[in-house]
Number of protein chains: 2
Amino acid sequence: MSKTSTLQDVARVAGVSTATVSRVLSHPDMVSEATRIRVSNAVEVSGYRVNRAARNLRTQRAHSVLVLLPDLANPFFSAILEGISLNLSRKGYSMLIASTKQVHDSGERLIDYLDDARADGMIILDGGLDAEVISSLKVAAHSTRILFACEWVNETEFPSVRSENRRGTKAAVRYLHDIGHRKIGHVTGPEGNVLMQARKEAFVQEIIALGLEQQPEWLIPGDFSLAAGCVAAKAWIALENRPTAMFCVSDQVAMGFISEMSRRNFKVPEDVSVMGFDDIDLAEQFIPPLTSIRQDRLLLGQTAATMLLERLESPDDAGAEHMAIIPVSLIVRGSTAAL
Amino acid sequence: MSKTSTLQDVARVAGVSTATVSRVLSHPDMVSEATRIRVSNAVEVSGYRVNRAARNLRTQRAHSVLVLLPDLANPFFSAILEGISLNLSRKGYSMLIASTKQVHDSGERLIDYLDDARADGMIILDGGLDAEVISSLKVAAHSTRILFACEWVNETEFPSVRSENRRGTKAAVRYLHDIGHRKIGHVTGPEGNVLMQARKEAFVQEIIALGLEQQPEWLIPGDFSLAAGCVAAKAWIALENRPTAMFCVSDQVAMGFISEMSRRNFKVPEDVSVMGFDDIDLAEQFIPPLTSIRQDRLLLGQTAATMLLERLESPDDAGAEHMAIIPVSLIVRGSTAAL
DNA sequence: ATCCATGATGTAATCGATTGCAGGAGGTGG
DNA sequence: CCACCTCCTGCAATCGATTACATCATGGAT
């Protein structure tokens with residue numbers, strides 16, 4: 001029992017060749033019904049499990065996908081991972097996880113995962129990779145094996161799955177406008193990040209489209225962290241001419257913002273309406289509950305996995321989808337109020 | 001360039017046999033300096049990467065470890081994963097991730113991951129597995145390849161890594177007592193969970209040790225979720241004789257509790273002191289900032305990885321550590337106040 | 001009766017790295 | 001000068017599954 005049985009063992013029990021056993025398992029329609037049943041029984045009694053290493057070697061596939069996160073500790077990614085994992089496992093693939101920071105620090109290179117046959121492809125959730133790393137990924141043999149999700153890299157041809165960042169942002173601004181706000185500010189993400197850029201551009205566009213007042217100091221720089229929200233709150237407090245509503249680039253930032261405001265005895269939404277982006281699990285439980293733009297992270301993950309596998313399994317199919325956009329929706333809660 | 005080169009290619013370039021190349025890579029001291037250099041150069045120029053599938057097949061190891069979570073969406077696990085990943089990658093292992101729920105739903109069995117050579121071992125972060133699953137894991141060949149972290153399963157001999165649940169709980173109660181509370185309640189975890197049980201027992205012991213008042217209805221049932229905290233808050237409000245401090249089984253529960261209290265116009269810590277357990281990242285930013293028992297999740301993850309690898313690499317070493325306990329510490333913040 | 005198509009099965013090569021064993025070169029001691 | 005030992009390297013088997021090709025039986029068509 002301690003030793004797992006091999007194809008040979010099953011073949012011996014069933015009185016057939018290993019080829020036949022293999023066929024029963026992978027191409028059942030090539031085998032006659034009688035032997036199929038006999039072999040299936042033999043598989044059953046011997047508790048046979050295919051040896052993945054052997055299969056992977058022979059088929060030249062790893063049957064696994066690497067998911068790269070900028071940071072394992074960010075709860076934003078959990079639902080995306082769940083979606084990826086779900087659709088990968090349905091197709092018999094395993095999910096490897098690594099953080100780009102850790103890979104970089106350890107001196108490994110990302111392409112090694114593909115080159116040494118540990119993974120067939122990778123889903124990258126980090127748009128902030130070094131230009132050097134990006135260019136190493138562009139090598140022809142790999143470009144079809146990589147997909148960006150959530151974030152992406154401008155001016156590259158990697159396929160990607162993303163949320164409707166622009167539409168979501170504009171919906172946020174329009175909502176704040178609809179409930180009476182005319183002075184609307186924005187806590188942006190980290191300089192150079194594609195998400196922050198997309199959202200910031202859309203924000204400015206919509207402000208202009210609605211003919212609202214613009215002040216350079218109402219665009220408060222931040223990143224995606226709680227701490228950035230706190231800093232931004234201090235910046236808001238220090239303003240002469242304060243916006244009555246702030247659109248934050250992420251829920252974490254919004255929470256940090258509100259948290260600092262409350263420490264300084266300002267009230268949300270009485271003194272200022274605050275909204276976020278993402279609609280992470282906690283948004284609903286926060287005090288006050290956070291108005292936000294919901295990203296369907298589970299769907300985003302599932303879509304990413306499915307798209308990548310499709311591309312892996314027919315690499316030459318030029319007709320394959322190159323980009324998928326996942327709808328977002330406005331979720332109104334207590335952190336915003338009519339003016 | 002599109003095809004990665006093999007040992008054969010390198011051997012040809014260096015003018016040696018594949019055996020020698022392999023030795024240069026895995027046992028450099030068996031090879032003369034001259035050839036070592038020549039081969040190293042050949043490896044360099046050909047951009048050789050070892051093929052993991054081939055190595056895994058030959059060495060009968062997967063060089064990867066499966067981490068099983070009850071639920072990918074719980075931010076509590078992120079730092080643990082980071083710790084595991086860090087120490088695994090240092091030893092050249094990859095980290096596979098799956099959720100026990102998903103594995104179960106898809107009809108896979110956990111032992112399959114070991115039986116089909118996808119993973120050498122597994123770290124289980126879920127103490128709530130079915131008895132049936134547990135017993136399938138006990139098979140002699142596997143028992144040395146499994147390690148529980150955070151949670152564990154009573155009355156089994158699996159090695160485990162855990163935090164000082166009892167000491168942490170007692171420290172919490174003692175702290176609340178020290179700042180003047182005499183009526184202390186506890187929102188417990190899900191019935192049957194080992195953590196909730198350990199913490200609940202320790203809680204009751206310490207209450208008795210300090211000679212404090214006990215009321216059955218001060219032990220409010222919950223689970224580890226935000227929602228459970230909300231429900232518990234309603235239960236607290238409904239009490240005739242209310243505790244002045246509540247020790248919650250997790251930070252998430254504490255946050256839910258506080259959130260609901262605030263919705264009902266009760267104030268924390270003025271009306272009731274609330275504390276959690278875990279010290280997740282958000283605890284510090286919550287309003288009010290949460291008093292909690294900090295678990296060193298990174299260290300816990302690192303320890304788990306290291307212990308498992310040690311056991312995998314010397315399976316017969318009876319002297320190997322069987323259990324590791326990670327220290328916890330009390331973090332006092334604004335959600336608790338002296339009475 | 002003969003021939004060929006069809007379907008089922010077996011034979012054996014193959015994927016790429018590792019490693020036990022054998023052999024050769026060079027050095028040492030008797 | 002020979003026996004022997006050490007150090008280095010190569011040969012070839014091996015891990016276990018997959019699959020191209022060969023073989024064989026069966027049956028239908030002519």
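Letters A, B, ... mirror the listed sequences (proteins, then strands); counts begin at 1.
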Exercise for the section: Using atom CG of D9(B) as one end and atom C1' of dC15(C) as the other, report the distance to the nearest whole Å. Expected result: 13 Å
Practice task
Could you tell me whether the phosphate oxygens of dA17(D), OP1 or OP2, come under 4.0 Å of any side-chain nitrogen or oxygen in Y48(A)?
Solution key: yes
Practice task
Nearest whole angstrom, please: distance from the P of dT9(C) to the CZ of R38(A).
Solution key: 8 Å
Completion exercise
Separation of dT19(D) atom P from L25(A) atom CG, nearest Å, is 12 Å
Handout entry: Separation of atom CD in E33(A) from atom P in dA8(C), rounded to whole Å
Key = 11 Å
Completion exercise
Closest non-hydrogen atoms of V103(B) and R109(B), given as atom of the first, atom of the second and distance, are CG1-C, 4.4 Å
Exercise for the section: May I ask you to say what V16(A) touches in the nucleic acid, namely base, sugar-phosphate or nothing, with a heavy-atom cut-off under 4.0 Å? Expected result: sugar-phosphate
Practice task
Answer yes or no: does a side-chain N or O of T6(B) lie under 4.0 Å from OP1 or OP2 of dG16(C)?
Solution key: no
Practice task
Quick one: label V50(A) by what it contacts on the DNA or RNA (base, sugar-phosphate, nothing), any heavy atom closer than 4.0 Å.
Solution key: sugar-phosphate
Handout entry: Contact under 4.0 Å: Q60(B) side-chain N or O vs dG16(D) OP1/OP2
Key = yes
Practice task
For dC15(D), take OP1 and OP2 only and decide whether either is under 4.0 Å from a side-chain N or O of T59(B).
Solution key: no
Exercise for the section: Look at the side-chain N and O atoms of T20(B) and state whether any lies under 4.0 Å from the OP1 or OP2 oxygen of dG10(D). Expected result: yes
Exercise for the section: Tell me whether the OP1 or OP2 atom of dT9(C) has a side-chain N or O from S32(A) closer than 4.0 Å. Expected result: yes
Practice task
Report yes if a donor N or O on one partner sits less than 3.5 Å from an acceptor N or O on the other, where the partners are the side chain of R23(B) and the base of dG20(C); otherwise report no.
Solution key: yes
Practice task
Determine: side-chain N/O of H27(A) to OP1/OP2 of dT19(D), distance under 4.0 Å, yes or no.
Solution key: yes
Problem - Minimum heavy-atom distance L86(A)-Q102(B), with the two atoms named - result: N-OE1, 3.3 Å
Practice task
Report yes if a side-chain nitrogen or oxygen of R55(A) is closer than 4.0 Å to either non-bridging phosphate oxygen (OP1 or OP2) of dT18(D); otherwise report no.
Solution key: yes
Exercise for the section: Would you kindly give the CZ-to-C1' distance between R58(A) and dT14(D), to the nearest whole Å? Expected result: 16 Å
Problem - Atom-to-atom span, CZ of R52(B) to C1' of dC15(C) - whole angstrom - result: 17 Å
Handout entry: Distance-minimising heavy-atom pair for T6(A) and Y48(A)
Key = C-CE1, 3.5 Å
Exercise for the section: To the nearest Å, give me how far apart CZ (R12(A)) and P (dG16(D)) are. Expected result: 12 Å
Practice task
Would you please test S46(B) and D9(B) for side-chain hydrogen bond (donor to acceptor under 3.5 Å, both in side chains) and show each step?
Solution key: CA-CA 8 Å; S46(B) 56; D9(B) 301 327; over 6 Å; no
Practice task
Please tell me which of A19(A) and A19(B) maps to the more 5' nucleotide of DNA chain C, matching each residue to the nucleotide holding its nearest heavy atom.
Solution key: A19(A)
Fill in the blank from the handout: Rounded to whole Å, the CG-P distance (L7(B) to dG10(D)) equals 13 Å
Exercise for the section: Report the residue from D116(B), N56(B), D112(B) that forms a side-chain contact (heavy atoms from CB on, under 4.5 Å) with R52(A). Expected result: D116(B)
